2 protein chains.
Amino acid sequence: MTSVQLPTGFSVDVANVGIKDDTDDFVVIASDRPCAATAMFTRSRFAGPSVVVSRRHTEDHRLRAIVVVSKNANVATGAQGLANAEELATGVAAALDIEPSDVLVASTGVIGRQYPMDKVRAHLAELRWPFTGDDRHDALAAATGIMTTDTHPKTAVASLPADAGTATVVGIAKGVGMIEPDMATMLAFVLTDAEVPAHELDRITRSVVARTFNSLSVDTDTSTSDTAAVLANGAAGAVDLAELEAAIEAVCLDLTRQLARDGEGATKLLVVRVRGARDDDQAKRVAKTVLNSPLVKTAVHGADPNWGRVAMAIGKCSDDTDIDEAAVRIAFGGAEVYPAPIGDDELAELEGYLRGDEVSIEVDLGISHGAWTVYGCDLSDGYVRINADYTT
Amino acid sequence: MTSVQLPTGFSVDVANVGIKDDTDDFVVIASDRPCAATAMFTRSRFAGPSVVVSRRHTEDHRLRAIVVVSKNANVATGAQGLANAEELATGVAAALDIEPSDVLVASTGVIGRQYPMDKVRAHLAELRWPFTGDDRHDALAAATGIMTTDTHPKTAVASLPADAGTATVVGIAKGVGMIEPDMATMLAFVLTDAEVPAHELDRITRSVVARTFNSLSVDTDTSTSDTAAVLANGAAGAVDLAELEAAIEAVCLDLTRQLARDGEGATKLLVVRVRGARDDDQAKRVAKTVLNSPLVKTAVHGADPNWGRVAMAIGKCSDDTDIDEAAVRIAFGGAEVYPAPIGDDELAELEGYLRGDEVSIEVDLGISHGAWTVYGCDLSDGYVRINADYTT
């Protein structure tokens, strides 16, 4: 994997402080100047202290740094966990000589355990700004440091067209399980040197996240730690906002597809596109129901041309009484399987298509013009093996 | 497995007509006199023709016979499929010399294929009433004939106390995948020789099904064929209705636990009990969210004492803003794990508990007095293997 340069003004410090083992587990990303920032978090009723603290710190839409602890989620840890999250922000702020409220805290990993704070404090005492590591400009090092059970780091990059400003947009993300973003069940950080007013960045981010991270589901489980943040430090000057949105969307969609493809145990990317719905909400609901059906996911895994399971999954949306099986059309990779009766040749062709590493299921509800696309993966015995033996 | 005698007046004919292979696939259960009857069906928008026909035939709360075809669901089969379901009812009615509208039709198996009607017609032409097979009084033969991927037949029996009438209640059921009943994703038939007015039977059935089959979930997928029917032929005379309800509930709960334990790939029964909820609806919603979480199910499978995943699953109910993690208590088999911090000894004990073949998770939301119990199973690599290779 080639290294990806962070945008102008951003740098990173990656370290192992011994949270769980000897892999990198402590990442600080910082900007040399204030950033307009916006962030979206999990809606979980068991949201972790990191989320509680970060929600407060992003209220003013200003950030300078992000600290990420991996391998321990600091969730369901009570008052002690909240105090530890606050100490993390304060410690990073002191090292960087910035305000604690300009530090976003994120953490994923096992639930229900306190941080080893002695190790964290020892590391914070040694942290020096500006960062001096050889990899301080490398987004890949940051993406690697925030991984838990990811099999590889995820980065994405987009540049604005020459006439729209010189900014670049760089994203990193992690997350392979407990992923049904609502907001995203993962960590995703998008950095840009574009200059953009905070309220515009907020509008762009909400719109992009809805179409990307919030359209991702690996296993329907929603993390207690989900955080997606976008920081713009302005080092590259003003840009065309429509082009910036396009670049941010390209980065987020790229990361979304990488997250889906690297879902725990996943062997292929599954994309479900629904159109002809009453509205976009209905399209998204039906698309997610198909994407999340264990029977659809296992059929895709086994390249079993059992398209009836897609019909079954659509049928599960029983409150959508305007869905009429007589109006529905189902296709795989553009080849219709329902209602047109398909023969053995077409079934064999479908089986061949399902052996590919990306499977697209298209559903037309035949009601109106609502449409939505969602991203996920197949369900394999690998998923079970990974998750039946995680803490132990 | 010991044989279970059908209630007085009921008999069964079990045959192989070659729907898919040479196992029994065609079951007719009939009463020698009219029955008060009630039935509940899947809410799927892709409900099969069997459901469409049976819904119509139970409107008058009278039935005499049930015909079940296994290994082919007759779903997503269009006008031809509907005509075939009607022909099935008519053919059985002709053989038994009863009205087609007194025949309930049920069918489960692969979706999207027409019945082999030539084989079905040949069998119907030979069907004679009264039934003469050696196993004509055997509920176990009926339960075996309706199986698809079940690993064993499911029957349950209850008798009323001596002073409440002499009736017995016998139930049979099938279903191991595509099971999140709403109504039940399965077939379940309960027969009794009790005499009970149709409207009382209906009331009793709705109440019992809510607490049993509709509290069952194997994999969150909802079948297109779900049917639960209760037939009472009155041969044993009048009974105490409260005792009858208790007997029907005992039979349905027994079948529900059997269905959960035999979930595809399941190695253990998982029971989730929620109390302290705002109301019963909230308790059921939270209980199902925990029961259906793939991460909870895989942890239970692997005997991984990762109780944080239960906290995560409760947290997913993000619209339930009255859920406060500070008020929540979580226990396994009566031993509290949250909020009380638990040590290594307790974790080892929990791991030992999880190795048992029945796991109970108890959640107290600490809000009010709503309570509900739901039944399911663990998620294993066996589930994936079974479902990645079903039609092929």
Side-chain angles (χ1 to χ4, degrees), chain A residues 42-47 73 75-76 78 110-113 177-178 180 182 219-224 292-295 298-299 301-309 311-318 320-321 323-326 328 338-339 351 379-381 383-392, chain B residues 42-47 73 75-76 78 110-113 177-178 180 182 219-224 292-295 298-299 301-309 311-318 320-321 323-326 328 338-339 351 379-381 383-392:
Chain A
T42 182
R43 294 177 63 226
S44 172
R45 301 302 303 161
F46 264 82
V75 165
V110 69
I111 292 175
R113 296 207 188 145
M178 215 183 276
E180 164 132 355
D182 178 30
D219 59 7
T220 77
D221 274 336
T222 301
S223 163
T224 46
N292 286 332
S293 158
L295 290 171
T298 48
H301 177 63
D304 178 351
N306 199 343
W307 59 265
R309 293 183 181 174
M312 176 280 300
I314 299 166
K316 281 168 75 173
C317 301
S318 52
D320 289 285
T321 52
I323 297 179
D324 176 2
E325 66 169 277
V328 171
Y338 176 88
E351 193 177 327
L379 173 60
S380 73
D381 38 1
Y383 176 86
V384 177
R385 280 198 305 268
I386 291 166
N387 285 302
D389 189 29
Y390 178 61
T391 54
T392 51
Chain B
T42 181
R43 295 177 64 224
S44 171
R45 301 302 302 160
F46 264 82
V75 164
V110 68
I111 293 175
R113 296 205 187 147
M178 213 183 277
E180 163 131 354
D182 178 29
D219 58 6
T220 76
D221 274 337
T222 302
S223 162
T224 47
N292 286 331
S293 158
L295 290 172
T298 48
H301 177 62
D304 178 353
N306 199 341
W307 60 265
R309 293 184 180 173
M312 175 283 298
I314 299 167
K316 281 169 76 175
C317 301
S318 51
D320 288 285
T321 52
I323 296 178
D324 176 3
E325 65 169 278
V328 171
Y338 176 87
E351 193 176 330
L379 172 60
S380 73
D381 38 2
Y383 177 87
V384 176
R385 280 198 305 268
I386 291 166
N387 286 303
D389 190 31
Y390 178 61
T391 56
T392 51

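In what follows, every chain begins at residue 1, and chains take the letters A, B, ... in the order their sequences are listed. For clarity, every value in this text was computed on a predicted model and none was experimentally measured.
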Visitor: Between B:Val75, B:Asp324, B:Thr321, which shows the greatest number of heavy-atom pairs under 4.5 Å with chain A?
Guide: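 Result: the option with the highest number of such pairs is B:Thr321.
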Visitor: Using non-hydrogen atoms and a 4.5 Å limit, figure out which bit of A:Ala73 sits close to chain B: side chain, backbone, both or neither.
Guide: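 Interface part for A:Ala73: neither.
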Visitor: With sequence neighbours left out, what residues match B:Asp381 under salt bridge (Lys or Arg N to Asp or Glu O under 4.0 Å)?
Guide: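 Salt bridge (Lys or Arg N to Asp or Glu O under 4.0 Å) check on B:Asp381 returns B:Arg385.
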Visitor: Under the side chain to side chain contact (heavy atoms under 4.5 Å, CB included) rule, collect the residues that match up with A:Ala311, sequence neighbours excluded.
Guide: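 Checked A:Ala311 against side chain to side chain contact (heavy atoms under 4.5 Å, CB included); matches are A:Ile330, B:Phe46.
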Visitor: Please give me the minimum heavy-atom distance between B:Val384 and A:Leu379, naming the atom from each residue.
Guide: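 Result for this residue pair: CG1-O, 3.5 Å.
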Visitor: Is there a side-chain contact between B:Arg309 and A:Ile111, using heavy atoms and a 4.5 Å cut-off?
Guide: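 Side chain of B:Arg309 against side chain of A:Ile111, heavy atoms only: no contact under 4.5 Å found.
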Visitor: Between B:Ala326 and chain A, which part of the residue has a heavy atom less than 4.5 Å away: side chain, backbone, both or neither?
Guide: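 Nothing of B:Ala326, per the 4.5 Å heavy-atom cut-off to chain A.
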